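It should be emphasised that the depicted structure is a prediction, and the values quoted were computed from it without experimental measurement.
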Amino acid sequence: MTTAAPEASLNALPRADGSARYSYAGYTVTASVNGPIEAQRRDEHAYEAHVDVIVRPSAGVGGTRERHLESILQSSLSQIILVKNFPRSVIQIVLQIESTPENAYVNTKLVQASLNLPIIPALFQTAVLALLSATVPMKATATSTVVAVVSEDGSKEIVADPSPKDIGEATSLHVLAFTSHDELLLSESEGDFTVKEWDDVYERAQQICCQTASKQAGIDMMLDDDSSGPNMRHFLRSALETKVASDLYWK
């Protein structure tokens with residue numbers, strides 16, 4: 001099954017310093033970024049800014065699952081934001097989940113990693129786009145993807161951007177993020193896997209997140225030749241180029 005290319009729009013929310021809306025593989029997330037602003041005393045850090053990440057579910061009130069997602073995202077985003085440039089400040093990132101694939105996300109008070117991991121790339125990518133929209137200084141940009149190891153006819157297959165069915169049948173699930181310097185930023189795994197399977201997962205995720213854009217007849221291609229996944233780095237660049245072109249159109 002072919003997955004549609006990712007879509008993004010920047011400055012979707014007029015009252016935020018920066019915002020973005022991102023859709024891919026059945027997930028749609030909207031993010032707003034405000035800051036750096038003065039931090040309350042409980043969040044104040046003398047030497048760096050506090051990155052406050054809030055995840056809101058598509059329905060109901062956030063629970064343990066949202067707190068788990070927030071901790072993962074806060075740790076990763078704090079590594080690419082130049083937090084030491086803004087002491088005693090806070091950068092607030094609010095992520096609203098709008099839609100998810102069927103049965104891929106159920107709001108419960110129990111932490112279930114196999115249900116948490118698939119949505120992390122959508123949340124992470126939306127947050128990065130919103131930070132860029134808000135012109136928050138960063139060391140590098142970053143891209144993320146999810147990869148599953150699925151057992152089929154006695155052999156293991158590496159599946160990028162797995163469907164809910166693939167996730168249910170997977171022996172292991174992995175989320176990885178890489179910076180624009182090709183450095184591993186985030187790695188979360190769940191299930192049983194061998195070192196060889198991890199190496200294959202790493203190679204596939206790196207190909208998706210770090211490959212350079214290919215061109216055919218002068219047209220940038222969003223997908224590579226073997227359809228192993230979207231070219232996320234090129235997608236991020238294209239989204240920003242579209243925003244800049246729109247901002248400069250009046251000139």
Side-chain angles (χ1 to χ4, degrees), residues 1-8 22-29 55 57-58 65-66 68-69 72-73 76 95 97-108 110-129 142-178 184-211 221-236:
M1 182 178 66
T2 302
T3 304
E7 298 179 358
Y22 174 79
S23 299
Y24 182 58
Y27 296 99
T28 300
V29 181
V55 176
S58 55
R65 173 168 298 130
E66 284 71 32
H68 178 226
L69 293 169
I72 294 173
L73 293 168
S76 301
L95 295 155
I97 301 169
E98 295 187 11
S99 63
T100 60
E102 185 178 0
N103 297 330
Y105 184 87
V106 180
N107 188 22
T108 137
L110 299 177
V111 175
Q112 301 178 27
S114 60
L115 296 181
N116 279 347
L117 296 188
I119 199 171
I120 290 177
L123 293 169
F124 182 84
Q125 213 60 68
T126 312
V128 171
L129 287 166
T143 50
S144 178
T145 189
V146 58
V147 180
V149 180
V150 180
S151 180
E152 185 174 351
D153 298 330
S155 62
K156 298 293 183 67
E157 180 183 359
I158 306 298
V159 180
D161 302 315
S163 65
K165 180 176 180 294
D166 292 330
I167 293 171
E169 298 174 351
T171 58
S172 65
L173 197 63
H174 311 264
V175 171
L176 295 92
F178 294 83
L184 182 63
L185 176 67
L186 167 67
S187 176
E188 294 285 337
S189 300
E190 188 266 342
D192 299 324
F193 52 93
T194 65
V195 174
K196 175 64 168 60
E197 290 170 355
W198 163 251
D199 290 340
D200 293 340
V201 165
Y202 180 89
E203 182 179 352
R204 176 64 65 84
Q206 188 178 41
Q207 180 185 17
I208 293 172
C209 295
C210 302
Q211 64 182 331
M221 304 300 293
M222 287 301 298
L223 300 176
D224 59 11
D225 293 337
D226 60 1
S227 298
S228 61
N231 184 334
M232 293 306 297
R233 182 173 294 179
H234 177 55
F235 163 75
L236 191 66

Going by the rule side-chain contact (heavy atoms from CB on, under 4.5 Å), which residues pair with [X] if we only count those two or more places apart in sequence or in a different chain?
X: D200; answer: I158, K196
X: Q206; answer: F178, Y202, C210
X: E157; answer: E152, V159
X: A127; answer: L77, I93, L95

Less than 4.5 Å apart, side chain to side chain, heavy atoms only: is that true for [X] and [Y]?
X: F124; Y: L185; value: yes
X: V146; Y: I120; value: no
X: I72; Y: V175; value: no

C209 and M232: which non-hydrogen atoms are nearest, and at how many Å?
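Closest approach of C209 to M232, heavy atoms only: CA-CB, 4.4 Å.
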Please find the pair of heavy atoms, one from L69 and one from L123, that lie closest to each other, and give the distance.
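Closest pair (atom of L69, atom of L123, distance): CD1-CD1, 3.9 Å.
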Which residues pass the side-chain hydrogen bond (donor to acceptor under 3.5 Å, both in side chains) test with [X], not counting sequence neighbours?
X: T171; value: none
X: S172; value: H174
X: E188; value: none

Which residues share a salt bridge (Lys or Arg N to Asp or Glu O under 4.0 Å) with E98, sequence neighbours left out:
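Applying salt bridge (Lys or Arg N to Asp or Glu O under 4.0 Å) to E98 gives R21.
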Quick one: salt bridge (Lys or Arg N to Asp or Glu O under 4.0 Å) partners of E169, sequence neighbours excluded?
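For E169 the salt bridge (Lys or Arg N to Asp or Glu O under 4.0 Å) partners, ignoring immediate neighbours, are K165.
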To the nearest 0.5 Å, how far apart are OG1 in T143 and NE2 in H234?
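The distance works out to 13.0 Å.
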So how far is it from W198 CH2 to L176 CG, rounded to the nearest 0.5 Å?
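Those atoms lie 4.5 Å apart.
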